[in-house]
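This is a predicted model, so every value here is computed, not measured. Numbered from 1 within each chain, the chains take letters A, B, ... in sequence-line order.
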Amino acid sequence: MPVLDLKQLREQTDFVRDRLARRGGDYDLDAILQLDSQQRDLVAQRNQLQARSNEIGKAIPQKIKAGSDPKGPEIAALKSEGSEAKTQLSDLEPQVKALQDEMGDRLLQLPNLPSDETPSGKNETENVEIFRWGDEYKPTNPEEIRPHWEIGEQLGILDFKRAVKVAQSRFVNLIGLGAALERALISFMLDQQIAAGYVEVMPPVLVSTATLTGTGQLPKFAEESFKCAEDDLWLTPTAEVPLTNLYRDEVLDASDLPIHHCAYTPCFRREAGSYGKDTRGLIRLHQFNKVEMVKLVHPDTSADEHQAMLANATAILEALDLPYRVIELCSGDLGFSANRCYDVEVWLPSANTYREISSCSNCGDFQARRANIRFKTPGQKGTQFVHTLNGSGLAVGRTMSALLENYQQPNGAVQIPTVLQPYLGGRTVL
RNA sequence: GGAGAGGUGGCCGAGUGGUUGAAGGCGCAGCACUGGAAAUGCUGUUUAGGGGCAACUCUAACGAGGGUUCGAAUCCCUCCCUCUCCGCCA
């Protein structure tokens, strides 16, 4: 499983080092390169031994066929030489394997390289705002604005208290129209993305270790996912995981590309290390619903596909008249698997700020290498890795919170956006 | 959960120790034939890594990992997965 391109690492070490430095953090490339060169030396030795051993293996039946006595000295000499080679090989083999394992472990820890276009920066404070949309839809009565959890609890559609009893904190029950609104949002988003050309999938949300490694959640971020240890299965943190891995270990035909999928799934995150943050409301739950978009594309088109995906995400917010802005993540804030990423942030009036509601990433060939997803162009030799992209279209719970807050009325009611009304039996108000 | 069967190339499918990376078929590509096509015939058709400007060459891979052997797709062990029947179940 080649992860970050080992050949590139070998041949353009300084470039890789420079790119990784833009992310911040410490990456010991020299150790990997040293392992690599040791490994290559040993493999060369092993190959020679193996070649000799193969020769002997072929020579013995030939000699016998040519009349040599199977029990005679000639055959015995060959056998003992073969045996000798075998002994040397069994000495070499574990060394090679140990080096390869060590190198593989280290390579799996390396994040993707930021793209040329990605702005350099240390952390989220250096992300770059690209544009804003819908200022005119922001509520104009800030003093009367209440947070969505108050609105939801008052309407009897959000229940956090009993969710604690049933599960834990950071879970919610959606009751009555709350559940209906969630379903309406899911259906609306799916219908929009299907109309935009994405083929819907309902994937497993319990996935294997290999699947989670393919998209980059493992091995580094095990503490972020819920695991069913008995079965070696994990709850998916996002549908990006099963959708991208749909094609793991496959060689696609160039004419199959691009592949566009969307999916509604629940998502599960342990949110380790975020104890104090967003403790109220729908913003940060262990389980939430999301409509996800995933693309597998030809490398030449991935930049355009990325822009198009971003537009597919923002189209949902525009249809709902929800104010948002788009930011481009700087190198220091980029996710592990991404080489370039836009976050879409929706206006949350109670917090007087924008909150992430979608993240659209281009992973280049990073995930394709891990998951071994290739394509073949007829008439061309060999295979190429596809590029993978993923984006939320959108996070449903966060959309609901934005909707409750932006559409709240002074009398405590909440208007239902026009485009959602058909999904709620024509209802106009919550 | 109990009993049984099986995992081979893009697909089907042969192959139980010795030039088998793997017969045969299908598919696909090229060429021939044709006015064009079908049919037919011939040729070719895996991937990854190393070496060479290249022709080419070496190594690995028959679910995964170990073992036996000079030599394993073929024998032995462990694990994984799939299928069938029974039980259970939304």
Within the structure, does a side-chain N or O atom of A/S208 lie under 4.0 Å from either OP1 or OP2 of B/C80?
-> no
Could you measure between the two P atoms, the one in B/C83 and the one in B/A29, and give it in whole Å?
-> 33 Å
Using the C1' atom on both, measure B/A61 against B/G7 and round to a whole Å.
-> 16 Å
Would you state whether a donor and an acceptor, one from the side chain of A/K86 and one from the base of B/U69, lie under 3.5 Å apart?
-> yes
For the pair A/F226 and A/H286, name the ring-plane relationship: parallel under 30°, tilted 30 to 60°, perpendicular over 60°.
-> perpendicular
With C1' as the reference atom in both, quote the distance from B/U8 to B/G21 in angstrom, rounded to an integer.
-> 11 Å
When both distances are under 3.5 Å in a Watson-Crick or G-U wobble arrangement, the nucleotide paired with B/G9 is none
What nucleic acid atoms does A/G82 come within less than 4.0 Å of, heavy atoms only: base, sugar-phosphate, or nothing?
-> sugar-phosphate
Give a yes/no on whether any side-chain N or O of A/R46 is located under 4.0 angstrom from OP1 or OP2 of B/A60.
-> no
Taking the six-membered ring for Trp and the full ring for Phe, Tyr or His, determine whether the centres of A/H387 and A/F366 are under 6.0 Å apart.
-> no
Mind calculating the distance between CD (A/Q48) and C1' (B/U57) to the nearest angstrom?
-> 13 Å
What integer number of Å spans the C1' atoms of B/G9 and B/C62?
-> 9 Å
Take A/D18 and A/R22, measure what salt bridge (Lys or Arg N to Asp or Glu O under 4.0 Å) needs, and give me the verdict at the end.
-> CA-CA 7 Å; A/D18 184 59; A/R22 286 178 58 192; over 6 Å; no
With the threshold set at 4.0 Å, does a side-chain nitrogen-carboxylate oxygen contact exist between A/E292 and A/K290?
-> yes
On a whole-Å scale, what distance lies between the P atoms belonging to B/G27 and B/U84?
-> 29 Å
Taking atom P of B/G10 as reference, at what distance in whole Å does atom CG of A/D256 sit?
-> 15 Å
What is the pairing partner of B/G44, taking Watson-Crick or G-U wobble pairs with both distances under 3.5 Å in any strand?
-> B/C28
Just name whichever nucleotide pairs with B/A64, Watson-Crick or G-U, keeping both distances under 3.5 Å, else none.
-> B/U78
Tell which nucleotide pairs with B/A55, taking only Watson-Crick or G-U wobble pairs whose two distances are both under 3.5 angstrom.
-> none
Nearest-neighbour nucleotide for the A/Q62 side chain, B/G50, B/G71, B/U19 considered = B/U19
Across all strands, who's sitting opposite B/A14 as a Watson-Crick or G-U wobble pair, both distances under 3.5 Å?
-> none
Tell me the partner of B/U19, counting only Watson-Crick (N1-N3 plus N6-O4 or O6-N4) or G-U wobble (N1-O2 and O6-N3) with both under 3.5 Å; none if nothing fits.
-> none
Let me know the distance between CD of A/Q39 and C1' of B/A48, rounded to the nearest Å.
-> 13 Å
Given atom NZ of A/K79 and atom C1' of B/G17, what is their separation to the nearest angstrom?
-> 12 Å
Salt bridge (charged side-chain N to carboxylate O under 4.0 Å, His left out) involving A/E124 - partner list, sequence neighbours excluded | none
Just compare B/C70, B/A60, B/G50 and give me whichever is closest to any side-chain atom of A/Q50.
-> B/A60
Sugar-phosphate only, base, or nothing, as touched by A/A51 at under 4.0 Å among non-hydrogen atoms = sugar-phosphate
Under 30°, 30 to 60°, or over 60°: which ring-plane class applies to A/H298 and A/F375, parallel, tilted or perpendicular?
-> tilted
Roughly how many Å is it from CD in A/Q100 to P in B/A64, rounded to a whole number?
-> 16 Å
Using a cut-off of less than 4.0 Å, is there contact between a side-chain N or O of A/K63 and OP1 or OP2 of B/C70?
-> no
For A/I64 and for A/I56, locate the closest nucleotide of RNA chain B by heavy-atom distance; then report the residue assigned to the nucleotide nearer the 5' terminus.
-> A/I64
Base, sugar-phosphate, or nothing for A/T383, non-hydrogen atoms under 4.0 angstrom?
-> sugar-phosphate
Would you kindly compare A/K376 and A/I60 by the position of their nearest RNA chain B nucleotide and give the one closer to the 5′ end?
-> A/K376
Polar contact flag, side-chain donor to acceptor under 3.5 angstrom, A/S115-A/T118 = yes
When you compare B/A72 with B/A60, how far apart are their P atoms, in angstrom units rounded to a whole number?
-> 9 Å
What is the distance from CG of A/D232 to C1' of B/A64, rounded to the nearest Å?
-> 14 Å
For B/G1, which nucleotide in any strand shown is its Watson-Crick or wobble partner with both distances under 3.5 Å?
-> B/C86
Using purine N1 to pyrimidine N3 plus N6-O4 or O6-N4 for Watson-Crick, or N1-O2 and O6-N3 for G-U wobble, each under 3.5 Å, what pairs with B/A39?
-> none
Would you call A/K63-A/E74 a salt bridge at under 4.0 Å N-O?
-> yes
Spacing between A/K97 atom NZ and B/G67 atom C1', to the nearest angstrom | 15 Å
When the P atoms of B/A5 and B/C42 are considered, how many whole Å apart are they?
-> 42 Å
Determine the interatomic distance between P on B/A3 and the same-named atom on B/U78; round to the nearest Å.
-> 15 Å
According to a strict under-4.0 Å criterion, is A/R52 in side-chain N/O contact with OP1 or OP2 of B/C70?
-> no
Whole angstrom is fine here: how far is it from CG in A/N54 over to P in B/U20?
-> 14 Å
